[in-house]
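Take a look at the structure below.
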Amino acid sequence: MKAILVNEDKSLRWDNVPDPIIGEEDVLVKVEFAALNRADLMQREGDYPPPPGCPDWMGLEVSGEIVEMGAKAIEKSNLKPGDKVCALLGGGGYAEYVSVKYDMCMPVPKNCTMAEAAAIPEAFATAYLKLFVEGHAKAGDTLLMQAGASGLASVVIPMAKAFGLRVITSVITDPENIKHLGADLVVNTKEQSLPEVLKNEELAGRAIDIAIDCLGGQNLGDCLPYVKYGCRWIVIAALAGATTTIELKNIYKKNIRIVGSTLRSRTPEMKAQILASLVKDIWPKVEAGLIKPTIHAVLPITEAETAHDILYKGQNVGKVVLALD
């Protein structure tokens, strides 16, 4: 089969690789679409290696059709060849086929295209982990979602709204670009100071309970004085800088929790639990149209380099997806 490989100069090529090996608990999926994540860019740069046993090539989420199953996968699951699924991977999604454990597959929600389905597993599982496992989100909470035009934010914001949270988000582009996501307050940080906005929100009795932060940098430390007592500040990346200055007295006086979190580092068992929760708790809201993946662009798999450039340049509002013919 073919997959997208990284050359020594970090450029990409569509080339031959070994066919996947199917274990007894695995299913073989013929990939129709593979969605991009910033983790793919990190892996391409050599900063985010795949877990042991995963393919060397990139790709954390796909949609496609089951074409073969191991004996134990048949016994333990309700899946069957011919089923349309979306799957969460440790890696290897930029390819014609993937072998994945049966409990990493989910049925495609009734209200979704296959391109949209490919944009679900990593983003939705990450959103669920940050909101409900790490953030202990509940109706009435206020969430700060950084980088509102990102693929993750395009899921987190409507998911939070569907469960009754108030949402503040930050952007560096026109706030109108993400109006469809339904955030209550959009802060253009090229024109406004996010710490000042959060200070005013606190003075108005609307301080944030949860932050999901992929930016980090000095803004993290500057914002912490204005969060609610018991705030959970969840750090998932540091795109704006890996260092910040924090007034420690503020941390213990307000009982703030700073949590570092990645989905990829979770055990397979926990990932399976999260996916089962998605199907049980989130799929009904997806099928009702309350939560929907936002697709920025769909490109052929052979144009993976162009697709990556969209993420590198921050041009996307929502997810970028690769199509396999």
Indicate if Leu152 and Leu263 have the same hydrophobic cluster label, given that clusters are the connected sets of ILVMFWY residues with side-chain heavy-atom separations under 4.5 angstrom.
-> yes

Would a hydrophobic clustering, with Ile, Leu, Val, Met, Phe, Trp and Tyr connected at side-chain separations under 4.5 Å, put Leu194 with Ile234?
-> no

Distance-only, no hydrogens or angles: does the [X] side chain make a donor-acceptor pair with backbone N or O of [Y] under 3.5 Å?
X      : Y      : value
Glu32  : Ala115 : no
Trp283 : Pro107 : yes
His296 : Gly318 : no
Glu303 : Pro300 : no
Thr189 : Val171 : yes
Asn37  : Ala39  : no
Gln192 : Val187 : no
Glu96  : Lys2   : yes
Glu68  : Leu28  : no
Glu201 : Val197 : no

Is the NZ or CZ atom of Lys285 both under 6.0 Å from the centre of the six-membered ring of Phe163 and within 45° of that ring's axis?
-> yes

Take atom [atom1] of [X] as the centre, draw a 6.0 Å sphere, and report whether it contains more than 12 heavy atoms from other residues, nucleotides or ligands.
X      : atom1 : answer
Asp325 : CG    : no
Leu203 : CG    : yes
Asn78  : CG    : no
Lys199 : NZ    : no
Asn188 : CG    : yes

Indicate whether the side chain of [X] and that of [Y] have a donor and an acceptor atom separated by less than 3.5 Å.
X      : Y      : value
Ser277 : Asp281 : no
His308 : Arg44  : yes
Lys319 : Ser154 : no

Should [X] and [Y] count as side-chain neighbours, where that means a heavy-atom distance under 4.5 Å?
X      : Y      : value
Pro81  : Met69  : yes
Pro121 : Met106 : yes
Ile168 : Asp184 : no
Asp19  : Tyr97  : no
Met159 : Phe124 : yes

Heavy-atom pair of closest approach, residues [X] and [Y]:
X      : Y      : result
Pro175 : Val186 : CB-CG1, 3.6 Å
Val62  : Ala34  : CG1-CB, 3.9 Å
Leu181 : Ala153 : CD1-O, 4.2 Å
Ala149 : Ile178 : CA-CG2, 3.9 Å
Val155 : Ala123 : CG2-CB, 3.8 Å
Pro18  : Trp57  : O-CH2, 4.4 Å

Pairing of Asp103 and Lys271 as salt bridge, 4.0 angstrom limit | no

Pair Glu134 + Arg266: basic N to acidic O under 4.0 Å = yes

Partners meeting side chain to side chain contact (heavy atoms under 4.5 Å, CB included) with Glu269 (sequence neighbours left out) | Thr267

Interatomic distance, [X] atom [atom1] to [Y] atom [atom2] [nearest 0.5 angstrom]:
X      : Y      : atom1 : atom2 : answer
Asn177 : Asn316 : CG    : CG    : 11.0 Å
Ile258 : Arg232 : CD1   : CZ    : 13.5 Å
Thr262 : Ile236 : OG1   : CD1   : 10.0 Å

Under the side chain to side chain donor-acceptor pair (under 3.5 Å) rule, what pairs show up with a residue in residues 137-148, not counting sequence neighbours?
-> Lys138-Asp141, Gln146-Ser170

Hydrophobic cluster mates of Met42, side-chain heavy atoms under 4.5 angstrom, ILVMFWY only, any path?
-> Tyr48

What class does the angle between the rings of Phe132 and Tyr128 fall in, given that below 30° is parallel, 30 to 60° is tilted and above 60° is perpendicular?
-> tilted

